[in-house]
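Worksheet: one structure, shown below.
Order of the sequence lines sets the chain letters (A, B, ...), proteins ahead of strands, with each chain counted from 1.
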Amino acid sequence: MSKSSPKDLAELMQRANLMAGISLADIANDNGITVPDNLRRDKGWIGQLIELELGAMAGSKPEQDFLHLGVELKTIPIDHTGKPLETTYVTVAPLTNIQGLTWENSLVYHKLQRVLWIPVEGDRSIPVGQRRIGTPLLWSPSASEMSLLKQDWEEIMELIALGKVDTITARHGEVLQLRPKAANSQALTESIGPDGQTQLSNPRGFYLKIAFTQQILTHAFN
DNA sequence: AAGTGATCATAG
DNA sequence: CTATGATCACTT
């Protein structure tokens, strides 16, 4: 029951709009998938389900989900108020070979060019299968949003370039933050050390903070 | 209760 | 391990 990839933006949006108000159980049944009791061991389940329903390319390539449409797909858990319940993962952060890397050439910049947000009820009190999908939002950062993202990205990347990756915490950045992104805290990858040498650090990823995504949704639906 | 750091499943 | 999809769960 795998869907074909939408041929154009209009078709993608049409499919996304048709999911609004539908429960995850209905989407799962439609795709022959079993709904897990909770997401503890299936943290990416909702995202994978929506990808399947919308016909996103499978695989784990570091690129947009709908490359031919220039669209990145993101499901976002929201509470009964419409406020995001979690930060949004964007991409892995490069910790080495970053000399000359600019904001405009970064993976964060490219992925956030155009995002199709799919809000999904996320309160843990609601059984996973009963959670409903919300109204989709096709978003591209405004000039001011882009400016904030660029500032945070440049600040964080400079610290990484200076060999201070291990001193960066989630408190750095106004809208974009750097946090661990690995199987566990023991996972290691190469990074730049204090004296410019190669060292090992826990892999990191870029995440959008809740206040930022909340504004994106608020501005669109209010 | 919020926010940060840790973690889970899977494909290649 | 890297990268995808994210949420969990402990600390403050």
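- The distance between atom CG of A:N202 and atom C1' of C:dC1, rounded to the nearest whole Å, is 13 Å.
- Remark: the A:K43 side chain and the B:dT10 base include no donor-acceptor N/O pair separated by less than 3.5 Å.
- When each of A:R132, A:K83, A:R131 is tested with A:E121 by the rule salt bridge (Lys or Arg N to Asp or Glu O under 4.0 Å), just one qualifies, namely A:R132.
- One interatomic measurement links the two molecules: CZ of A:R124 to P of B:dA2, which rounds to 13 Å at whole-angstrom precision.
- In this structure, A:N97 places its CG atom 12 Å from P of C:dT2, rounding to the nearest Å.
- Judged by atom type and distance alone, A:K181 reaches the base of C:dG5 through a side-chain donor-acceptor pair under 3.5 Å.
- Nearer the 5' end of DNA chain B, as judged by each residue's closest nucleotide, is the contact made by A:H172, out of A:A183 and A:H172.
- Residues meeting the ring pair (Phe, Tyr, Trp, His ring centres under 6.0 Å) test with A:F66, sequence neighbours left out: none.
- Remark: A:Q48 is not in phosphate contact with B:dT10, judged by side-chain N or O atoms under 4.0 Å from OP1 or OP2.
- The separation between A:D42 atom CG and C:dT7 atom P is 12 Å, rounded to whole Å.
- With C:dT7, B:dT7, C:dT4 as the candidates, the nucleotide lying closest to the side chain of A:T91 is C:dT4.
- Between the side chain of A:Y207 and the base of C:dA6, a donor-acceptor pair under 3.5 Å is found.
- Side-chain nitrogen and oxygen atoms of A:T189 include at least one within less than 4.0 Å of the OP1 or OP2 phosphate oxygen of C:dT2.
- We find that CZ of A:R131 is positioned 10 Å from C1' of C:dT7, with the value rounded to whole Å.
- Atom OG1 in A:T91 sits 3.5 Å away from atom CG in A:L107 (nearest 0.5 Å).
- Rounding to whole angstrom units, CD of residue A:Q186 and P of B:dC8 are separated by 11 Å.
- When side chains are defined from C-beta on, A:I192 does not count as touching A:T198, because their heavy atoms never get closer than 4.5 Å.
- Here the C1' atom of nucleotide B:dA6 and the CZ atom of A:R41 are 15 Å apart, to the nearest Å.
- Closest to the A:P180 side chain, of the nucleotides C:dC1, B:dT7, C:dC8, is B:dT7.
- The side chain of A:R171 lies closest to B:dG5 when the candidates are B:dG5, C:dG5, C:dC8.
- Counting non-hydrogen atoms under 4.0 angstrom, A:G47 reaches the backbone sugars and phosphates but no base.
- For the pair A:K111 and A:D65, the salt-bridge criterion is not met [side-chain N within less than 4.0 Å of a carboxylate O].
- More than 12 heavy atoms of other residues, nucleotides or ligands lie within 6.0 Å of CD in A:Q113, so this atom counts as buried by the packing criterion.
- Atom CZ in A:R40 sits roughly 13 Å away from atom P in B:dT7 (whole-Å rounding).
- Distances shown here put every side-chain N or O of A:Y89 at or beyond 4.0 Å from the OP1 or OP2 atom of C:dG5.
- In terms of position on DNA chain C, the residue among A:L73 and A:V92 whose nearest nucleotide sits closer to the 5' end is A:V92.
- An angle of 30°, rounded to 10°, separates the two end axes of the helix from B:dA1-C:dT12 to B:dG12-C:dC1, each defined over five pairs.
- Nucleic acid contact class of A:T88 (heavy atoms, under 4.0 Å, all strands): none.
- With C:dA3, C:dT7, C:dT2 as the candidates, the nucleotide lying closest to the side chain of A:P62 is C:dA3.
- No side-chain heavy atom of A:V115 sits under 4.5 Å from any side-chain heavy atom of A:V71.
- Of the N and O atoms on the side chains of A:E158 and A:W153, not one donor lies less than 3.5 Å from an acceptor on the other residue.
- Tested against A:W139 for a side-chain hydrogen bond (donor to acceptor under 3.5 Å, both in side chains), the candidates A:H219, A:E145, A:E72 yield a single pass: A:E145.
- Among the protein residues, A:D65 comes within range of the sugar-phosphate backbone only, with heavy atoms under 4.0 Å from sugar or phosphate atoms but none that close to a base.
- Between A:K111 and the phosphate of C:dG5, there is a side-chain N or O to OP1/OP2 separation shorter than 4.0 Å.
- Using a 4.0 Å heavy-atom cutoff across all strands shown, A:E190 reaches no nucleic acid atom at all.
- Distances shorter than 4.0 Å separate none of the side-chain N or O atoms of A:S60 from OP1 or OP2 on C:dG5.
- Regarding contacts with the backbone of B:dT7, a side-chain N or O of A:S185 is found under 4.0 angstrom from either OP1 or OP2.
- Across all strands shown, A:L188 has heavy atoms under 4.0 Å from sugar-phosphate atoms exclusively, and none from any base.
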